[in-house]
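Okay, so here's the structure we're looking at.
What's counted below: heavy atoms across the whole structure, side chains too, no hydrogens, waters or symmetry copies.
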Amino acid sequence: MEVLYRSTRGTSGTVTASQAILKGLSEDGGLYVPTRIPALDIPVEELADMSYQEVAYQVMSRFFTDFTEEELRRCISRAYDSKFDTEEIAPLAKAEGAYFLELFHGATIAFKDMALSILPHLLTTAAAKNQVKNEIVILTATSGDTGKAAMAGFADVPGTRIIVFYPKDGVSPIQEKQMVTQRGSNTYVVSIRGNFDDAQTGVKKIFGDEKMKEELAAAGFQFSSANSINIGRLVPQIVYYVYAYAKLVKNGEIAPKDVVNVVVPTGNFGNILAAYYAKNMGLPIGKLICASNENKVLYDFFRTGTYDRNREFILTSSPSMDILISSNLERLIYRIAGEDAQKTRELMEALGSDGSYTVTSQMKEALGEFYGNYASEQETAETIRRIWKDCGYVIDTHTAVAACVYEKYRSETGDNTPAVIASTASPYKFARSVMEAIGGDAYDGMDDFQLVDELEKVSGVAIPDAVSQIRTAPVLHNTTVDADQMPEIVKKILGIG
């Protein structure tokens with residue numbers, strides 16, 4: 001049965017999966033959502049014996065119904081291959097009684113690889129299916145990980161160009177070095193003076209600029225997105241929750257139909273939304289535990305029902321979560337509003353004009369599947385140190401936020417349901433913060449790559465190729481602009497105007 005897609009703001013009818021992937025964002029500013037969440041109508045015992053690639057096909061084929069089996073299997077085989085450094089693609093590690101789902105074994109050592117490895121293949125397949133002749137321009141804002149993962153995926157892919165914007169002082173040194181050394185004749189990186197929300201808002205404005213779209217079309221270009229606002233990013237993220245559950249069954253850690261909780265360090269809300277979609281497909285997930293850092297706009301929302309971005313923006317040691325406008329939350333708002341596009345549009349317009357909105361009491365009640373909390377900077381560091389001391393297992397700052405919030409949840413509720421914690425980045429990506437958490441001032445004066453060497457000693461895990469390769473790589477991108485100059489730099493890069 002075909003699954004179509006509609007905008008959360010509801011003014012543009014329905015489109016196929018391939019059309020939604022191509023567009024990225026709806027013309028009315030809304031995000032594409034499936035008209036129905038398909039059921040995961042395959043026994044978990046069968047899923048338990050499948051490879052990651054086979055599970056990916058079972059999940060994605062239920063959402064991307066206008067892709068042929070051959071097209072989808074080709075996209076999957078090209079995405080999940082030797083660029084991952086483990087055959088399992090997303091292995092589970094047990095520590096402190098929880099299961100850490102390691103989503104960082106791809107080319108850029110962050111969970112964004114899980115979806116951005118396949119998006120270029122989905123996008124170019126979608127373009128061919130829809131007879132698109134224009135060159136596709138991928139426009140992306142990043143808080144550190146999406147940008148590099150997207151560029152690694154799209155580098156030198158024919159018929160595409162990718163432009164990434166990131167906050168100049170809002171990413172880790174390793175993250176920045178990964179981006180500015182990116183090779184590929186079709187890749188462009190621009191830092192902006194501002195924070196991630198400024199970059200994301202700037203990208204959304206460009207998407208909504210009809211005059212600019214016309215200029216691009218006349219020059220043979222059209223925009224699409226690699227951010228998780230693109231449904232082609234979101235659906236592949238559902239896969240690893242299904243895979244993790246199936247592997248727990250296979251390993252005898254749980255029985256089929258046993259409930260598990262899922263804990264996700266959350267910024268833009270896409271990763272935890274994917275777990276919510278997995279639950280709605282029928283995966284036995286109990287509580288969805290949303291972990292925030294000191295930018296705790298989501299914690300406040302789940303507690304009060306009011307989303308308010310009017311607050312200080314805090315730079316933390318978990319920069320991929322330094323976000324005050326969680327774009328993917330709009331998809332959840334649409335769902336708890338009873339798929340009322342008018343109500344969703346009103347709330348999103350209030351967020352744009354006033355910086356805040358409050359959901360109805362009925363909508364707030366529908367948030368009961370979620371639990372929100374946050375970890376301070378001190379708690380994040382203490383969690384890294386404690387898990388390393390107790391288990392010999394080293395986690396990054398984002399994963400530490402999740403582990404800390406999970407402990408708060410357990411102590412508050414007494415709920416000891418087995419839990420899967422999304423481990424979203426390699427500790428090597430945030431070596432300074434991790435080593436400071438483990439050793440305090442013992443590592444003062446060391447540069448980031450010296451800290452990488454120290455991390456190898458304490459973790460017993462080899463330095464990933466993604467880090468080794470950038471030690472001596474030349475800087476290829478050094479453009480910095482103000483946020484309001486983003487449209488002009490896009491046109492300059494594309495040779496328009």
Side-chain angles (χ1 to χ4, degrees), residues 1-41 59-66 204 207-208 225 227-238 241 262 264 266 268-283 285 287-288 290 298 301-302 305-307 325-353 356-370 372:
M1 188 174 170
E2 188 175 24
V3 174
L4 295 172
Y5 292 80
R6 65 163 68 101
S7 167
T8 49
R9 304 188 192 181
T11 60
S12 54
T14 58
V15 297
T16 64
S18 63
Q19 289 167 338
I21 290 168
L22 271 174
K23 288 171 180 284
L25 193 67
S26 173
E27 287 89 344
D28 56 22
L31 309 189
Y32 283 112
V33 288
T35 51
R36 64 181 180 88
I37 306 270
L40 189 65
D41 50 359
V59 173
M60 290 191 216
S61 62
R62 284 161 171 76
F63 281 93
F64 298 153
T65 53
D66 68 325
K204 284 186 171 180
F207 270 107
S225 172
N227 280 94
S228 54
I229 56 174
N230 192 318
I231 198 71
R233 259 282 300 276
L234 188 64
V235 168
Q237 292 180 270
I238 300 169
Y241 294 110
V262 172
V264 187
T266 309
N268 216 20
F269 207 75
N271 204 3
I272 196 165
L273 184 75
Y276 175 76
Y277 275 21
K279 179 175 182 175
N280 279 269
M281 290 183 82
L283 199 68
I285 292 173
K287 196 64 92 171
L288 294 150
C290 178
L298 287 165
F301 171 67
F302 285 118
T306 295
Y307 191 97
I325 303 173
S326 302
S327 287
N328 268 289
L329 187 63
E330 181 170 342
R331 286 184 165 114
L332 178 63
I333 294 297
Y334 176 77
R335 186 100 172 148
I336 64 172
E339 302 194 339
D340 183 338
Q342 174 64 29
K343 180 64 177 174
T344 306
R345 187 163 59 251
E346 286 171 9
L347 293 174
M348 294 307 112
E349 286 173 354
L351 181 64
S353 59
S356 68
Y357 61 80
T358 300
V359 300
T360 65
S361 56
Q362 191 175 4
M363 290 169 71
K364 187 172 186 296
E365 201 174 313
L367 295 172
E369 295 166 276
F370 290 85

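Within the model, atoms OH of Y334 and CE of M363 stand 12.0 Å from one another, a figure rounded to the nearest 0.5 Å. Between the CG atom in L40 and the CG atom in N280 there is a gap of 12.0 Å [rounded to 0.5 Å]. Rounding to the nearest 0.5 Å gives a distance of 8.5 Å between OG1 of T16 and CD1 of I21. If you take CZ on F269 and CG on N271, they are separated by 10.5 Å, rounding to the nearest 0.5 Å. Taken from CZ in R36 to CD in E2, the straight-line distance is 9.5 Å, to the nearest 0.5 Å. Rounding to the nearest 0.5 angstrom, the gap separating the CG atom in L288 from the CD atom in E369 is 6.5 Å.
Listed here is the closest heavy atom pair of S228 and N268: OG-ND2, 3.7 Å. For the residue pair E339 and T35, the shortest heavy atom distance occurs at OE1-O, 4.4 Å. The two residues P236 and I231 have their closest heavy-atom pair at CD-O, 4.2 Å. Counting all heavy atoms, side chain and backbone alike, K23 lies closest to Y32 at CD-OH, 3.0 Å. Heavy atoms only, all atoms of each residue included: K287 and G368 are closest at NZ-O, 2.7 Å. Nearest heavy atoms, T65 versus A17: N-CB, 4.5 Å.
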>> Please evaluate residues L298 and Y307 with respect to the criterion side chain to side chain contact (heavy atoms under 4.5 Å, CB included), reporting the C-alpha separation (whole Å), side-chain torsions for both, the decisive distance (0.1 Å), and the verdict.
In response: CA-CA 7 Å; L298 287 165; Y307 191 97; 4.1 Å; yes

>> Test side chain to side chain contact (heavy atoms under 4.5 Å, CB included) on R62 and V3; report intermediate values, then the result.
In response: CA-CA 8 Å; R62 284 161 171 76; V3 174; over 6 Å; no

>> Test side chain to side chain contact (heavy atoms under 4.5 Å, CB included) on L4 and V15; report intermediate values, then the result.
In response: CA-CA 6 Å; L4 295 172; V15 297; over 6 Å; no

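In this structure, D28 contributes its side chain and G30 its backbone to a donor-acceptor pair below 3.5 Å. Side-chain N or O atoms of R345 include one that pairs as donor or acceptor with a backbone N or O of R9 at under 3.5 Å.
Proximity of T344 to L347: side-chain heavy atoms (C-beta onward) are nowhere separated by under 4.5 Å. By the 4.5 Å heavy-atom criterion applied to side chains, I272 and L332 are not counted as neighbours. The closest side-chain heavy-atom distance from I238 to M60 is not below 4.5 Å. At a threshold of 4.5 Å between non-hydrogen side-chain atoms, the residues I37 and R335 count as touching. The shortest distance between side-chain heavy atoms of M348 and Y357 falls below 4.5 Å.
Under 3.5 Å, the side chains of K343 and T360 contain no donor-acceptor pair of N or O atoms. Using a 3.5 Å distance cut-off with no hydrogens or angles, the side chains of N328 and R331 do pair a donor with an acceptor.
Other residues, nucleotides and ligands place no more than 12 heavy atoms under 6.0 Å from the CD atom of E365.
Note: Y277 and F63 have parallel aromatic rings, judged against thresholds of 30 and 60 degrees for the angle between ring planes.
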